[in-house]
Amino acid sequence: MTNPKFPSEETVKRVDALRVKINRHNHLYYVLAKPDIGDREYDALYRELEELEEKHPELKSADSPTTRVGGAPLTEFQNITYAVPMMSLSNTYSKDELRQFDKRITGILEESPFTYILEPKIDGVAISLRYEHGLLTTASTRGDGKTGDDITNNIRTIRSIPLRLTTDSPPALLEVRGEAYMTKKGFAQLNLTRQENGQDAFANPRNATAGSLKLLDSKLVAERPLDAILYAVAEHNGISFATQEELLKTLSSMGFKTAPKYWKNGDISQIIESLDELDSLRHDFDFETDGGVIKVDERALYGTLGSTAKSPRWAVAYKYEPEQAETKINSISIQVGRTGVLTPVAELEPVLLAGSTVSRATLHNADEIDRKDIRTGDSVIIEKAGEIIPAVIKVITSARSGNEQPFVMPDKCPICGSTTLKPEDEVATRCINLQCPAQIKSWIKHFAARGAMDVDGLGDSLIEQLVDRKLIKNPSDLYSLKVVDVENLERMAEKSANNLIDGIDASRKRDLWRLLLGLGIRHVGSKSAQTLEEHFADIDKLASSTVEGLEELPDIGPIVAESITEFFKNENNQNIITKLKKAEVNVSRLGDMTNIDGAFSGQTFVLTGSLSTMTRDEAAEKIRAQGGKTSSSVSKKTSYLVAGESAGSKLAKAEKLGVNILTEEEFLNLTNS
Ligand code: IVH
């Protein structure tokens with residue numbers, strides 16, 4: 001007899017296939033930035049794998065993509081000792097010194113021909129990754145170069161780092177080295193969120209990366225926008241590389257992210273010219289680049305060239321001067337965010353910095369202004385450190401005239417006039433009025449955003465008008481708006497008013513997780529909102545959950561759990577949810593809304609290609625309304641494939657598997673019969 005709990009051969013194969021697929025999509029998305037499926041399709045694959053692993057824990061494996069969400073927190077990091085030490089490089093800011101470097105090398109190598117390779121110098125945190133027979137076994141920091149911290153759990157959360165090398169013949173051992181970093185955009189977003197939550201902002205992406213990698217709770221690390229670029233190898237067995245170029249190409253073929261560009265030339269003058277090209281390109285990279293690294297390409301020459309105590313003689317780092325500019329603070333204004341945090345912003349005399357004109361700089365919070373003694377009228381040095389808005393580095397005190405005005409955080413909100421408050425244990429000052437128009441506006445913008453409830457036709461300027469005219473004061477009010485309420489607003493006419501109301505109406509049917517995200521529960525991002533939807537069938541079940549219960553969920557830590565329960569305890573929020581329900585906004589997991597008596601009960605549909613009389617969402621809605629399910633991938637279990645215009649690979653697969661194929665018209669007939 002077969003044990004029903006024991007996974008069938010088919011399940012084992014499916015789990016394997018899902019892992020291969022998800023890993024491939026991770027690589028396409030996180031390494032190559034060329035995804036070939038949408039979020040929904042990816043999520044469906046991921047959830048299917050999660051469910052199978054939950055059902056069959058014996059199939060869990062260390063290289064499964066589902067393990068990237070982090071594990072149990074550590075109390076301390078273990079040490080890792082390096083057989084090949086993690087060296088650093090000699091640095092220079094001078095092109096003359098690069099020519100001296102070239103002289104030294106040609107001197108040592110005498111007649112041996114060689115080439116230089118120039119790579120971007122990534123301003124991140126050095127890491128070392130050890131792969132045994134293709135499997136990532138440990139990952140560590142530089143430490144003192146001889147011994148580093150074992151940060152394997154944290155590194156595993158970086159989606160662009162392969163958990164298993166993508167090669168059919170992995171080497172017995174490969175230790176790969178490179179740089180972990182935070183993307184510029186991710187850094188700006190993280191700092192914004194931290195400020196909203198009253199936490200200190202990180203000074204720059206490198207500090208944010210170092211701080212993230214030092215966290216003992218890898219679940220928190222999984223939420224940080226980290227990435228990694230690899231450029232070197234240390235211990236290796238069963239593989240070799242003749243040149244640095246070959247090494248880079250091999251790393252890339254094994255699934256690693258490598259720098260977007262490198263230059264090769266035997267002539268140092270040409271390399272110096274390429275450094276200028278790199279300088280003009282680097283602002284468009286999504287990581288901070290503080291210079292270029294020039295290496296001898298032929299690895300066979302490294303032995304002859306040797307190294308000093310700290311750095312190899314076959315490489316040198318050229319650093320660009322940090323990009324700064326001098327300007328004047330004309331005034332200090334205050335921005336009020338979604339959670340009421342007041343952020344002081346320096347309004348600057350416009351100045352050119354790193355290729356763009358800058359007229360504002362963030363001042364983070366009052367403590368930061370005090371620490372740097374920043375005053376209105378001051379001449380200051382500003383620097384771009386990956387932020388979209390640059391930061392004030394220091395005040396040129398010698399340029400003071402005596403007329404500069406010290407900054408005082410207002411005790412009234414500049415938008416609504418309510419009292420502001422600075423909790424003892426937070427750096428942020430907040431407007432305490434939950435009805436503050438600035439807070440309402442950013443809340444509604446967040447609710448209606450494409451990643452959340454995706455309310456078509458509701459742009460920022462409309463939101464501003466709706467709030468200013470007191471037509472809405474929270475997201476639930478959107479659903480009582482009528483065409484007559486909005487058609488007289490600026491830049492609105494009957495048609496656009498109708499479109500807006502239609503857009504609001506369509507958002508009633510969004511997935512539960514989108515609503516949870518849109519509600520703006522602090523610390524709940526799209527990933528955690530999806531986890532919540534997966535574990536709670538509807539908003540009421542979530543609202544009655546406990547901190548302890550929530551903490552048991554995959555990516556929900558204590559802070560998030562606390563914030564969720566606080567949100568649902570709040571009476572104002574309870575009223576909003578009641579109103580949303582009355583307005584028939586979906587508050588349940590859609591998969592559960594199946595009508596078991598419907599004509600499609602027990603049947604799974606896959607929609608592909610473009611439909612001419614409805615969107616795919618509308619078609620899915622029709623299927624669900626009659627008790628059917630939709631799936632994003634075709635399998636033997638698929639009951640019908642609905643093939644629209646220019647259907648591609650799914651149609652081919654359905655044909656191969658002998659799945660029933662419907663044209664749009666046939667599908668419509670079926671739904672109407
Ligand atoms: S090669 C033996 N290549 O910059 C050392 N290092 O300031 C081999 N870095 O220690 C290092 N980008 O942490 C190399 N393309 C690159 C790099 C790079 C950034 C870091 C690395 C190094 C430090 C030196």
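We use all heavy atoms of the structure for the numbers below, so side chains are in, but hydrogens, waters and symmetry mates are not. The first residue of the sequence shown is numbered 1, and numbering continues consecutively from there. Start at 1 and go down the list; that is how both ligands and their atoms are numbered.
- Using a 4.0 Å cut-off between charged side-chain N and carboxylate O, K21 and D16 make no salt bridge.
- Near ligand 1, residues M87, S88, L89, N91, E119, P120, K121, I122, A126, R142, E179, Y231, V293, K295, P312 come within 4.0 angstrom through at least one heavy atom.
- Ion pairing between K60 and E53 fails under the 4.0 Å rule for side-chain N and carboxylate O.
- Y181 has its ring centre no less than 6.0 Å from the ring centre of F187.
- Salt-bridge formation is detected for the pair K257/D227: a Lys NZ or Arg NE/NH1/NH2 atom is positioned less than 4.0 Å from an Asp or Glu carboxylate oxygen.
- A salt bridge does not link D286 with K184: none of the charged nitrogens is closer than 4.0 Å to a carboxylate oxygen.
- Other residues, nucleotides and ligands contribute more than 12 heavy atoms inside 6.0 Å of the CG atom of D373.
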